[in-house]
Amino acid sequence: MARKFFVGGNWKCNGTTEEVKKIVTTLNEAEVPSHDVVEVVVSPPFVFLTLVKSLLRSDFHIAAQNCWVRKGGAFTGEISAEMLVNLGIPWVIIGHSERRALLNESNEFVGDKVAYGLSQGLKVIACIGETLEQRESGSTMAVVAAQTKAIADKVTNWDNVVLAYEPVWAIGTGKVATPAQAQEVHCELRKWLNENVGADVAASTRIIYGGSVNGANCQELAGQADVDGFLVGGASLKPEFVDIIKSAT
Ligand code: G3H
């Protein structure tokens with residue numbers, strides 16, 4: 001089954017109202033391949049979701065950067081999946097390594113969040129990835145397989161899941177994975193899905209790469225057979241994000 005190229009822009013905890021408007025203007029004026037060819041999803045901080053939704057071109061979509069693990073209630077500071085649905089936000093990023101590391105989100109907690117978000121009708125960009133120490137000790141596949149298993153244990157329908165492989169050592173470091181390194185892990189992940197979830201899910205699930213993707217390195221990464229797109233951090237705040245979208249063709 002053909003997998004549509006996916007480019008996500010994770011703005012993380014950045015931006016003022018004026019900066020956000022500037023980024024959206026750049027995106028709205030960009031000439032990019034059609035929505036049949038590439039799916040573009042940008043992820044502003046929560047406080048700018050409504051503003052971006054009101055201004056952004058209709059062929060680009062929006063993701064929140066997180067949501068609560070269950071139904072909302074007495075959880076100060078949290079944002080529920082139901083609220084995102086109510087606002088008309090179709091996507092959410094779950095399990096980003098910054099949250100896993102800084103907020104101690106475990107594999108199981110991430111799996112629960114993915115399942116709950118899906119159950120409420122959200123589409124999920126589920127993030128996995130190994131640290132430098134884990135890579136150097138040869139445990140990359142064991143780590144990403146365990147992270148994926150914790151999601152697979154809770155999820156029965158993968159139609160609305162995009163898996164983002166983001167090696168922690170490549171995030172925000174300027175040290176991008178080589179195309180061969182990315183392809184190797186993506187290929188292994190697809191095999192893992194094939195063996196543990198099913199052939200259809202393995203064939204149709206998009207596995208995107210994140211970690212120091214920029215306008216200069218995206219083409220070669222995009223050319224890898226099992227790289228179905230990107231989750232971009234720093235470069236998604238800059239005009240070069242448009243070049244990354246164009247790498248879909
Ligand atoms: O979610 C995006 C990733 O953390 C990648 O961030 O492109 O700044 O390395 P980066």
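Just follow the structure's listing: the first ligand is 1, and inside any ligand the first atom is 1.
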For the side chain to side chain contact (heavy atoms under 4.5 Å, CB included) test, which of Val52, Val32, Val38, Val41 pairs with Phe60?
->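 Only one option passes, and that is Val32.
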Are Glu188 and Lys191 ion-paired here, with the side-chain N under 4.0 Å from a carboxylate O?
->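 A salt bridge links Glu188 with Lys191.
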Does the distance from a Lys or Arg side-chain N to an Asp or Glu carboxylate O, for Glu105 and Arg100, drop under 4.0 Å?
->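 No, this pair does not count.
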Show which atoms of ligand 1 fall inside a sub-4.0 Å distance from at least one heavy-atom site of [X].
| X | result |
| --- | --- |
| Ala170 | 9 (O) |
| His96 | 1 (O), 2 (C), 3 (C), 4 (O) |
| Asn10 | 1 (O), 2 (C) |
| Gly211 | 5 (C), 9 (O) |
| Gly172 | 8 (O), 9 (O), 10 (P) |
| Ile171 | 4 (O), 6 (O), 9 (O) |

Between the side chains of Tyr165 and Glu130, is a donor N or O closer than 3.5 angstrom to an acceptor N or O?
->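 Their side chains do contain a donor-acceptor pair, which is all the 3.5 Å distance test asks for.
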Identify the protein heavy atom lying closest to [atom], giving its residue, its atom name and the separation to 0.1 Å.
| atom | result |
| --- | --- |
| atom 8 (O) of ligand 1 | Gly234 N, 2.8 Å |
| atom 6 (O) of ligand 1 | Lys12 NZ, 3.2 Å |
| atom 7 (O) of ligand 1 | Gly233 N, 2.8 Å |
| atom 3 (C) of ligand 1 | Glu166 OE2, 2.9 Å |

Under 3.5 Å: donor-acceptor pair, side chain of Asn194, backbone of Ala202 =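 Side chain of Asn194 to backbone of Ala202, a donor-acceptor pair under 3.5 Å: no, none is there.
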Do side-chain atoms of Glu39 reach the backbone of His35 as a donor and acceptor pair under 3.5 angstrom?
->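 It does not hold such a pair.
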Please work out which of the three classes, parallel, tilted or perpendicular, describes the rings of His186 and Tyr209, given edges at 30° and 60°.
->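 Tilted.
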